[in-house]
Amino acid sequence: MSGLTYQSRWMSDDLRIFRKTIRQFIQENFIPEQALWRQQHHPNVEAWTRAGGVGMLLPDVPEEFGGGGGTFAHESVVLEELAQGGIQFGAGVHSIVGHYILSYGSEEQKRCWLPRMARGELVGAISMTEPAAGSDLQGIKTTARREGNDYVINGSKAFVTNGLHANIICVAVKTDTRVAGFKGISLLIVEGKNLPGYRIGRSLEKVGMHGQDTCELFFDNVRVPASNLLGPSEGKGFSQMMEQLPYERLTVGVSAVATAEQAVTITTKYAKERTAFGKPLIDFQNTRFKLAECKTEAHIGRVFLDNCIERFISGQLDAVTAAMAKYWLTDCQCRIVDECVQLHGGYGYMMEYPIARMWVDSRVQRIYAGTNEIMKELIGWSL
Ligand SMILES: Cc1cc2nc3c(=O)[nH]c(=O)nc-3n(C[C@H](O)[C@H](O)[C@H](O)COP(=O)(O)OP(=O)(O)OC[C@H]3O[C@@H](n4cnc5c(N)ncnc54)[C@H](O)[C@@H]3O)c2cc1C
């Protein structure tokens, strides 16, 4: 969608070639399987190794650890192409796990896990939320008790994206139950799916995003090596999460803008093709005005997002601006997609139309990665 001469300043020839490769891969491999993924509520497991083969996974992790050696611009290209294709595939969550390992892992941990994640042999999930602790992460109850060279994990986790296929899970646990709040929280890597006491619950029946799974996870005396702790010592988990959440929030913002742009593109096309009262919908002033508003808002979102991406790449994106991006861009996405459904009339409510799928898939963007209310709290604290 453009009609404007605007070009993201972070775009380059190298990234254009990368985009072409990813787009072609998605069209040939993921789009034909979308209906099946949506029906079974998860992607096929081979999708991960295929994605790894084309360089879609961990594109912004250094080559020495098996990644693509790019920047957040490469990650953005992947997320944009997935969003524009209407594909639900947890590559963003996978990258988030990769970045926890990259930022806090030892040399040995990075060499052990990152190359296999980049190849898609290991599928990443991040497991913070619990049935009784979502926004208030300090309230998590899952524990990891040190016993010799192991940690023994007990508890349950809710809403884990990629949970079904995940075999490298970054789990937020309480390693010290004597201290209240954030102090006793650590991040532990759980590797493998067949550990005694580890159980994956069902793939939850969601309102949208049917092509990717969201599961519950249960830990009943699950043993993991003590060397799977992320960071040099226990108790650093909460600050590690706070440091990494801007990355996660920016990935959500990238998908939000790409989806909003795509909604305007497909709705403009529809409004030119569909007729009512003997003329195309686009000839009604209301249709043009609504699309003009949507296009303007999507463009404002794009410019703000591009600024955030540039600042992130140069190491200057602060947590407050990342919160602004997450909240404003996802609200904007939902406003635009909802308006575009309206402009489609009854067909906008039919799941065979991409705009209907976008509508159900968009809603959760305002909820996960920290709700938009929590984003406003974070921004509010900076006032
Ligand atoms: C599809 C999906 C995928 C997800 N994937 C993952 C994942 O991979 N890993 C993971 O760990 N989690 C995941 N989540 C969980 C998600 O991050 C949480 O649902 C979210 O953080 C909100 O927590 P909650 O559901 O417990 O809501 P609650 O925290 O109970 O919030 C309920 C309402 O109260 C509001 N509220 C709470 N506190 C405040 C406050 N201080 N001020 C103002 N309002 C407040 C919230 O904004 C919300 O409107 C996923 C969720 C969904 C739906």
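Read the numbers this way: they start at 1 and go in the same order the structure lists the ligands and their atoms. Nothing fancy with the numbering, it's 1 onward along the sequence. Keep in mind it's a predicted model, so treat the numbers as computed, not measured.
Contact annotation for K157 and ligand 1: no heavy atom of the residue comes within less than 4.0 Å of the ligand. Contact annotation: for A369 versus ligand 1, heavy atoms closer than 4.0 Å belong to the backbone alone. Only the side chain of V364 comes within 4.0 Å of ligand 1, counting heavy atoms alone; its backbone N, CA, C and O stay farther away. At a 4.0 Å heavy-atom cut-off, ligand 1 touches T129 through backbone and side chain alike.
When each atom of ligand 1 is checked for a heavy atom of I367 under 4.0 Å away, the hits are 20 (C). Every atom of ligand 1 with a heavy atom of K206 under 4.0 Å away is listed here by number and element: 1 (C). Each of the atoms 22 (C), 46 (C), 47 (O) of ligand 1 lies under 4.0 Å from some heavy atom of T371. Close approach to I374 involves these atoms of ligand 1, each under 4.0 Å from a residue heavy atom: 38 (N), 39 (C), 40 (C), 41 (N).
The aromatic rings of W48 and H94 sit tilted relative to each other, their planes meeting at an angle between 30° and 60°. Relative orientation of the Y247 and F72 rings is perpendicular, given thresholds of 30° and 60° on the angle between their planes.
Side-chain contact between I300 and F304: absent, with no pair of heavy atoms (C-beta onward) separated by less than 4.5 Å.
Counting protein heavy atoms only, atom 2 (C) of ligand 1 is closest to Y368 CD2, 3.8 Å. The protein non-hydrogen atom at the shortest distance from atom 9 (N) of ligand 1 is I126 O, 2.8 Å. Atom 43 (C) of ligand 1 has its closest protein heavy atom at E373 CB, 4.0 Å. Nearest to atom 50 (C) of ligand 1 among the protein's heavy atoms is F159 CB, 3.5 Å. Among protein heavy atoms, atom 29 (O) of ligand 1 sits closest to S135 OG, 2.6 Å.
By heavy-atom distance, the residue among A133, G90, G134, P131 lying nearest atom 24 (P) of ligand 1 is G134. Looking at V93, D361, T161, I140, it is T161 that brings a heavy atom closest to atom 5 (N) of ligand 1.
Under a cutoff of 6.0 Å and an axis angle of 45°, R357 and W37 do not form a cation-pi pair.
Annotation: V160 places no N or O atom under 3.5 Å from an N or O atom of ligand 1; distance criterion only.
Q244 and S103 share a donor-acceptor pair across their side chains, judged by distance under 3.5 Å alone.
Under the 3.5 Å distance criterion, the side-chain polar atoms of S186 are matched with a main-chain donor or acceptor of G235. In this structure, the side chain of K326 engages the main chain of Q365 through a donor-acceptor pair within 3.5 Å.
Using a 4.0 Å cut-off between charged side-chain N and carboxylate O, R302 and E297 make no salt bridge.
Around CD of E147, the count of heavy atoms belonging to other residues, nucleotides or ligands within 6.0 Å exceeds 12. For K183, the NZ atom is loosely surrounded, since the number of other residues' heavy atoms within 6.0 Å does not exceed 12.
Under the 4.0 angstrom criterion, atom 32 (C) of ligand 1 counts as lacking any protein heavy-atom contact.
Evaluated for a side chain to side chain contact (heavy atoms under 4.5 Å, CB included) with V224, the options I189, D150, L195 yield exactly one hit, L195.
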